[in-house]
Amino acid sequence: MKIHFHWIWAAINAINDNTYFLIEDWDDKLQVDCWGWKWLTRKIKSWEINFSNLFITHKHTDHILWFFHFIRVFMNWKISNINIYCSKNLEQTIKDISNSLWCRSKKLIESWILNFKNIDNLNNQKIWNFNLKPINLNSKKIEQFWFLLIHNDKKILFFWDEAVWVLDRKDLNELQNPDYLIIESVCPEYMAKRSWWTVNTEKMSHITSKNAWIIATRLNAKNLILIHTMDIDENNRQSILENDAKSEYNWNIIVPNASDIVYIN
């Protein structure tokens with residue numbers, strides 16, 4: 001299995017923000033969130049990337065706005081339908097925007113080519129050969145759903161974008177021992193302490209690489225993948241984040257660059 005961390009230039013204008021991705025294992029493909037539509041559209045049109053299942057996590061602009069551009073591409077795409085996994089609230093937002101604008105998604109929704117799959121009940125979802133359990137992040141700012149993915153005996157936990165509340169969860173015992181924890185690391189600890197957006201629940205809900213190792217240690221994760229990062233130092237970004245996390249976390253740490261592919265072994 002491999003995960004394509006797509007290029008993005010989104011909410012914090014960072015080249016290596018990496019807030020959306022494609023999970024692929026042969027013919028099994030799951031696209032998570034929508035942004036960077038120009039880059040991904042080129043990949044779709046050239047058939048380098050294709051998918052018929054889309055998981056949308058929440059309504060931050062850097063996670064959803066590409067959806068409406070994607071629909072324009074989809075109109076000429078040789079797939080009979082696409083399944084969209086999201087909350088009822090987010091489904092209604094998509095429909096409201098489609099109804100308010102002259103938008104091709106309205107036609108696709110009415111023709112049932114877009115099939116919305118409600119994840120509010122947190123029931124396990126079978127998506128091709130992926131077993132996916134939606135997780136409500138319990139964010140205090142905006143409704144967010146991430147997930148635990150089990151595939152080929154590998155357990156991958158996706159937890160970020162306002163991950164500051166993760167350690168307050170009551171269900172952490174159920175999420176123990178993931179093979180991979182994919183989580184945000186906006187910056188190293190020292191940078192957060194001197195920045196105007198110091199990480200805390202009142203001001204900024206993103207976490208540092210130091211916070212990430214605390215969560216990884218608590219969950220006993222075997223591998224830690226740090227994403228959603230600021231442009232710290234283009235030449236040394238990876239080593240800065242790795243070293244900040246490695247001060248306490250001794251397992252394998254991966255910091256993808258733009259358009260990197262991570263292979264899950």
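We number each residue from 1, following the sequence as shown.
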Checklist entry - How about Phe130 and Gln125: do any of their side-chain heavy atoms sit closer than 4.5 Å? => result no
Item to check | Rounded distance (nearest 0.5 Å) linking atom CD1 of Ile56 with atom CD1 of Ile119 | outcome: 9.5 Å
Checklist entry - Do the side-chain N and O atoms of Asn118 and Glu91 include a donor-acceptor pair separated by under 3.5 angstrom? => result no
Item to check | Any side-chain donor near an acceptor of the partner, Lys117 and Asn53, under 3.5 Å | outcome: no
Item to check | Met191 side chain near Asp244 side chain, heavy-atom distance below 4.5 Å | outcome: no
Next on the checklist: Between Asn138 and Trp165, is the side-chain contact (heavy atoms from CB on, under 4.5 Å) condition met? List the steps.
Outcome noted: CA-CA 8 Å; Asn138 297 327; Trp165 289 291; 6.0 Å; no
Next on the checklist: Please determine whether residues Leu30 and Ile261 belong to a single hydrophobic cluster, defined as Ile, Leu, Val, Met, Phe, Trp and Tyr linked transitively by side-chain heavy-atom distances below 4.5 Å.
Outcome noted: no
Checklist entry - Aromatic rings Tyr85 and Phe55: how do their planes relate, parallel, tilted or perpendicular, breaks at 30° and 60°? => result parallel
Next on the checklist: When you compare the side chains of Asn211 and Thr208, does any donor N or O come within less than 3.5 Å of an acceptor on the partner?
Outcome noted: yes
Next on the checklist: One thing to verify: whether Lys222 and Asp179 come together as a salt bridge, which I'm taking to mean a side-chain N less than 4.0 angstrom from a carboxylate O.
Outcome noted: yes
Item to check | Greater than 12 external heavy atoms within 6.0 Å of Lys126's NZ | outcome: yes
Checklist entry - Which heavy atom of Leu241 sits nearest a heavy atom of Cys187, and at what distance? => result CD2-C, 3.9 Å
Checklist entry - What do the steps show when you test His63 against Asp161 for side-chain contact (heavy atoms from CB on, under 4.5 Å), and what is the final call? => result CA-CA 10 Å; His63 292 260; Asp161 222 351; 2.6 Å; yes
Checklist entry - Is the Phe158 ring parallel, tilted or perpendicular to the Trp160 ring (thresholds 30°, 60°)? => result tilted
Next on the checklist: Before you tell me yes or no, could you show the steps for Lys88 and Phe116 under side-chain contact (heavy atoms from CB on, under 4.5 Å), namely the whole-Å CA-CA distance, both residues' side-chain angles and the distance that decides it to 0.1 Å?
Outcome noted: CA-CA 9 Å; Lys88 275 304 232 186; Phe116 286 92; over 6 Å; no
Next on the checklist: Please give me the minimum heavy-atom distance between Phe145 and Ser87, naming the atom from each residue.
Outcome noted: CE1-CB, 3.7 Å
Next on the checklist: Let me confirm one number: the CG-CG distance from Asp171 to Leu148, rounded to the nearest 0.5 Å.
Outcome noted: 10.5 Å
Next on the checklist: Quick check: do Trp128 and Asp27 have side-chain heavy atoms less than 4.5 Å from each other?
Outcome noted: no
Checklist entry - Between Ile182 and Phe5, is any pair of side-chain heavy atoms under 4.5 Å apart? => result yes
Checklist entry - What is the minimum heavy-atom distance between Leu226 and Pro256, and which atoms define it? => result O-CD, 3.2 Å
Item to check | Ile142-Leu90 co-clustered via ILVMFWY side chain contacts under 4.5 Å | outcome: no
